[in-house]
Asks: 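A single structure is presented below for examination.
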Amino acid sequence: MPELPEVEEVRRSLEPELLGVPILSVELLRGDFLTPPTAPLKKLVGHAFVRTVRHGKKLFLIADDGQTLLIHLGMSGRVDCVASDSSLAKHTHVRFALASKRDMRLRDPRRFGGAWYYQTFEAARVRELGALGPDALVVTVQHLAHWKQTRGRLKPRLLGQKDVAGLGNIYVDEALWLARLHPLQRVDRIAPERLGALVAAIRTVLEQSIRSGGTTLRDYRNVADQPGEFARQLQAYGRAGLPCLRCGGALRGVQVAGRTTVFCPVCQRRR
DNA sequence: TTAGGCCTGCAC
DNA sequence: GTGCAGGCCTAA
């Protein structure tokens, strides 16, 4: 579900609900959703989150004393902001009651996501960002210049989060389609101008999706339970067999690194 | 580099 | 019932 645009929409829609509002109580309903499971969440009571930071698909909530909660939404995670007296939805794992008489609730049926507690934001960023590449919204050609000296295929590398952070299956396919690059293109053989096209396409696709509130295929919702509207603008993802909106040829569906992949065999030539 | 595992829900 | 799903980690 959530890739960079969806996490960004969650962040933006969460801020007005959360920032500066004192936390009245914290309830961990499912211990193994939190790392470490024994983290002193109660120490957040009396404090307020005052800042949010997103890097790739990771969302940091930073309290006024530095305590930091990292949220990763995995495949089915969501953050709900609802009245504190509203009934508890199934698969709600953490509940923050706020002085506004509203709750922030972390919910995740498949539990591929989770929450991580840190005493300080610095500790969180050291631990969480160490292995991540630059955020996909600000990645540049210079960041990818070292690809010339490395092996690997384009789509798996973009999904790996180490070169660029924030792309998942949907937006990789969209960006590759826009940049006219084949998903199995060797990264060391991408011409400089094609690399520029890739970086530009990544930014374009992500910014357009953010403007639409992200992509809702089925589950994704922002904190106010609103879906994203980018699904209708998808050019490649989910369109295998349908005509390419650029050349009219049939889009092809294949498996790449075990992931469903759609591309245009005419526009996206392998070099 | 690929396959499998982690989980649940949903379409078929 | 089977197969599949937007993520990501581990092991072979």
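When reading the values below, keep in mind they use all heavy atoms of this one structure, side chains included, and skip hydrogens, waters and symmetry mates. Given the structure is predicted, the values throughout are model-derived calculations rather than measurements. Throughout, protein chains are lettered first and strands after them, A, B, ... in sequence-line order, and every chain is numbered starting at 1.
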Asks: For the pair A:Arg78 and A:Asp225, find out whether any cationic side-chain nitrogen is under 4.0 Å from an anionic carboxylate oxygen.
Replies: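 Salt bridge between A:Arg78 and A:Asp225, a charged N being under 4.0 Å from a carboxylate O: yes.
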Asks: Between A:Asp64 and A:His47, do the side chains contain a donor N or O and an acceptor N or O under 3.5 Å apart?
Replies: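 A donor-acceptor contact under 3.5 Å links the two side chains.
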Asks: What is the distance, rounded to the nearest whole Å, between atom CG of A:Leu159 and atom P of C:dC9?
Replies: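 That distance rounds to 13 Å.
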Asks: A:Asp108 has an atom CG; how far is it from atom P of B:dT8, in whole Å?
Replies: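 Checked: the CG to P distance equals 11 Å.
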Asks: Centroid distance below 5.5 Å plus an interplanar angle below 30 degrees: do A:Phe112 and B:dC7 meet both conditions?
Replies: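 No, the aromatic ring of A:Phe112 does not stack with the base.
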Asks: Closer than 4.0 Å, any side-chain N/O of A:Ser76 to the OP1 or OP2 of C:dA5?
Replies: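 Answer is no, no contact under 4.0 Å.
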Asks: Reading 5' to 3' and counting Watson-Crick or G-U wobble pairs with both distances under 3.5 Å, write the dot-bracket notation for DNA chain C, | for bases paired outside the strand.
Replies: |||||.||||||
Asks: So A:Gly168, base contact, sugar-phosphate only, or nothing? Heavy-atom distance under 4.0 Å.
Replies: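 Sugar-phosphate only.
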Asks: Starting at the 5' end of DNA chain B, which residue's closest nucleotide do you reach first, A:Val256 or A:Arg110?
Replies: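 Looking at the nearest nucleotide for each, A:Val256 comes out on the 5' side.
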Asks: Can you tell me if A:Tyr220 and A:Glu9 form a side-chain donor-acceptor pair at under 3.5 Å?
Replies: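 Side-chain D/A pair, A:Tyr220 to A:Glu9: absent.
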Asks: Between P on B:dT1 and CZ on A:Arg259, what's the gap in Å once rounded to a whole number?
Replies: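 About 16 Å, once rounded to whole Å.
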Asks: What integer distance in Å separates A:Leu217:CG from C:dG7:P?
Replies: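 Between P of C:dG7 and CG of A:Leu217: 10 Å.
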Asks: Taking OP1 and OP2 of C:dG7, is either one under 4.0 Å from a side-chain nitrogen or oxygen of A:Gln161?
Replies: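 Looking at the OP1 and OP2 atoms of C:dG7, neither is under 4.0 Å from any side-chain N or O of A:Gln161.
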Asks: For the C1' atoms, the ones on C:dG6 and on B:dT1, what distance do you get once it is rounded to whole angstrom?
Replies: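 Nearest-Å result for C:dG6 against B:dT1 at atom C1': 22 Å.
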Asks: Do A:Arg110 and A:Asp108 sit within salt-bridge range, that is, some charged N less than 4.0 Å from a carboxylate O?
Replies: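 A salt bridge is absent here (no side-chain N lies under 4.0 Å from a carboxylate O).
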Asks: Within 45 degrees of the axis of the six-membered ring of A:Trp147 and under 6.0 Å from its centre: does A:Arg189 put its NZ or CZ there?
Replies: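 A:Arg189 over A:Trp147 ring: no.
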Asks: Please work out if A:Lys90 contacts a base, only the sugar-phosphate, or nothing of the nucleic acid, heavy-atom cut-off 4.0 Å.
Replies: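 It contacts sugar-phosphate atoms only.
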Asks: So if I take every side-chain heavy atom of A:Arg111 and compare against C:dG6, B:dG9, B:dC7, which nucleotide ends up nearest?
Replies: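 Nearest listed nucleotide: B:dC7.
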Asks: Would you classify A:Gly152 as touching base, sugar-phosphate or nothing, given that sugar-phosphate means primed atoms plus P, OP1 and OP2, and contacts are heavy atoms under 4.0 Å?
Replies: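 Sugar-phosphate contact only - A:Gly152 comes under 4.0 Å of backbone atoms but never of a base.
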Asks: With a 4.0 Å cut-off on N to O distance, would you call A:Asp65 and A:Lys43 a salt bridge?
Replies: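 No.
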Asks: Below the 4.0 Å mark, does C:dC8 have OP1 or OP2 next to a side-chain nitrogen or oxygen of A:His72?
Replies: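 So the side-chain polar atoms of A:His72 do come within 4.0 Å of the phosphate oxygens OP1 or OP2 of C:dC8, strictly under.
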Asks: Could you tell me whether A:Arg246 atom CZ has more than 12 heavy atoms of other residues or ligands within 6.0 Å of it?
Replies: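 Enclosed: over 12 neighbouring heavy atoms sit under 6.0 Å from CZ of A:Arg246.
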Asks: Rounded to the Å, how far apart are A:Asp32 CG and B:dT8 P?
Replies: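 Atom-to-atom, A:Asp32 to B:dT8, this comes out as 10 Å.
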Asks: Starting from P on C:dG6, measure out to NZ on A:Lys155 and report it in whole angstrom.
Replies: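 The answer, rounded to whole Å, is 8 Å.
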Asks: With respect to the phosphate group of C:dG6, does any side-chain polar atom (N or O) of A:Tyr237 fall under 4.0 Å of OP1 or OP2?
Replies: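 Result: yes.
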Asks: Between A:Ile71 (CD1) and C:dC8 (C1'), how many Å, whole number?
Replies: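 Whole-Å distance recorded here is 18 Å.
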Asks: CZ of A:Arg203: more than 12 outside heavy atoms within 6.0 angstrom?
Replies: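 Check passes, neighbour count above 12.
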Asks: Would you say a side-chain N or O of A:His91 is under 4.0 Å from OP1 or OP2 of B:dG9?
Replies: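 Yes, because at least one side-chain N or O of A:His91 sits under 4.0 Å from OP1 or OP2 of B:dG9.
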Asks: Using the side-chain heavy atoms of A:Asp219, tell me which of these nucleotides is nearest: B:dT8, C:dG6, C:dG7.
Replies: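 Side chain of A:Asp219 sits closest to C:dG6.
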Asks: Side chains of A:Thr52 and A:Arg11: donor-acceptor distance under 3.5 Å anywhere?
Replies: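 Judged by distance alone, the side chains do pair up.
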Asks: Look at the side-chain N and O atoms of A:Arg218 and state whether any lies under 4.0 Å from the OP1 or OP2 oxygen of C:dA5.
Replies: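 For C:dA5, neither OP1 nor OP2 has a side-chain N or O of A:Arg218 closer than 4.0 Å.
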Asks: Would you kindly give the CZ-to-P distance between A:Arg239 and C:dG6, to the nearest whole Å?
Replies: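 In whole Å, C:dG6 P and A:Arg239 CZ are 17 Å from each other.
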Asks: Check the phosphate of C:dG6 against A:Lys57, side-chain N and O only, distance under 4.0 Å to OP1 or OP2. Yes or no?
Replies: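 No, outside the criterion.
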Asks: Want to settle it: does A:Arg30 or A:Arg151 sit nearer the 5' end of DNA chain B, counting the closest nucleotide to each?
Replies: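 Nearer the 5' end of the strand: A:Arg151.
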